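The block underneath contains the structure these notes are about, expressed in C-alpha cells.
On a predicted model such as this, the values are computed, not experimentally measured, just so you know. Whatever order the structure lists ligands and atoms in, that order sets their numbers, starting from 1. Just the heavy atoms: all of them, side chains too, but no hydrogens, waters or symmetry mates, feed the values below.
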Amino acid sequence: MSEVIRVTIWNEYRHEQSKPHVRELYPKGMHQAIAEGLTGNFDIRTATLEEQEHGLSEEVLANTDVLIWWGHTAHKEVSDEIVDRVAARVLQGMGFIALHSSHYSKVFKKLMGTSCSLLFRDVGEKERLWVTAPGHPIAEGVAPFFELEREEMYGEFFDIPSPDEVVFTSWFEGGNVFRSGCCFNRGQGKIFYFRPGHELYPTYRDANVLLVISNAVRWAAPVKREPLRFGKSIPALEPVREK
Ligand code: ZN
C-alpha cells in the first residue's frame with residue numbers, strides 16, 4: 001500500500017455563502033465536495049479564507065504534501081505573507097493544484113510570473129476535454145475525451161509560461177480552445193493547473209473531474225530525494241589545479 005498523502009483543500013468559500021444557487025449545489029462548500037469526492041490513500045483537511053492565517057499556518061503547510069486551491073472573488077484578500085509562505089513551500093516540494101479561476105490567484109501568478117490572463121464567457125456551454133498527453137499519470141483511467149454539459153468557457157490565449165506538459169486541451173461549443181490541464185515544475189515542487197470548476201455548475205460532482213484531481217494529487221505529491229546541494233558543497237572529484 002502506498003504512503004498516505006496529506007492533502008489540504010483551500011477554498012475562499014464566498015460564492016457558496018452569498019449566492020443561493022451555489023449554496024444549493026455545494027451546501028458545505030466546494031472544498032467539502034472535493035474532499036468527499038477524491039479517491040486515494042489521502043489524509044484530507046480543508047482551509048478557508050476566513051480562518052486565522054487563512055487556515056494556512058506554518059504548521060498546516062509543513063504537514064501538507066499537496067495543496068489544492070480554489071479562489072475567484074477574493075484573490076486580493078489573501079495576504080501577501082501567506083502567499084509568500086505557500087509559494088516558498090511549493091519551491092521546497094509541496095505539490096500545488098490550482099483549480100479554475102485560481103489562474104488569477106496571487107499564489108499561481110507568483111509561481112508563473114506572467115499575467116495568467118485568458119478569454120472567458122459564461123453562458124453554460126458544453127466543454128469537451130481531450131487527453132493530449134496519453135500515458136501521463138494525471139490521465140490514468142480517463143477516456144480519450146470527456147464532456148461537461150455546462151461550463152464557463154476559458155479560451156486561448158492563456159498567458160502562462162509554456163507548460164512542461166499539457167495533459168488536457170478543451171474545446172467549447174462556442175468554438176474556443178484552451179490548455180486545460182497544465183503541468184509545471186518550480187523548484188522541487190510540482191504544479192498542476194486544472195480548468196473546470198465554475199461555481200454555478202456541479203463540476204466537482206463529476207466523476208471524471210474528481211478522478212483527474214485525485215490523479216493530480218498522486219502526481220504532485222513530493223518524492224523522496226537527496227537534499228539539493230549548491231555552491232562549493234561538492235568538491236572536485238579529480239585533482240584539478242588553478243590555471
Ligand atoms: Zn468561473
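For S102 (side chain) and G71 (main-chain N/O), a donor-acceptor pair under 3.5 Å exists by modelled atom type.
H100 contributes atom NE2 as its closest N/O/S atom to the Zn ion (ligand 1). Between the Zn ion (ligand 1) and the N, O or S atoms of E152, the shortest distance is to OE1.
H136 and E165 form a side-chain donor-acceptor contact under 3.5 Å, judged by distance and modelled atom types alone.
Hydrophobic clustering of Ile, Leu, Val, Met, Phe, Trp and Tyr side chains at less than 4.5 Å, counting indirect connections, unites L200 with L99. Cluster membership check: Y13 does not share its hydrophobic cluster with V60, using side-chain heavy-atom separations under 4.5 Å among Ile, Leu, Val, Met, Phe, Trp and Tyr.
Backbone or side-chain N, O or S atoms of H198 reach the Zn ion (ligand 1) at under 2.8 Å.
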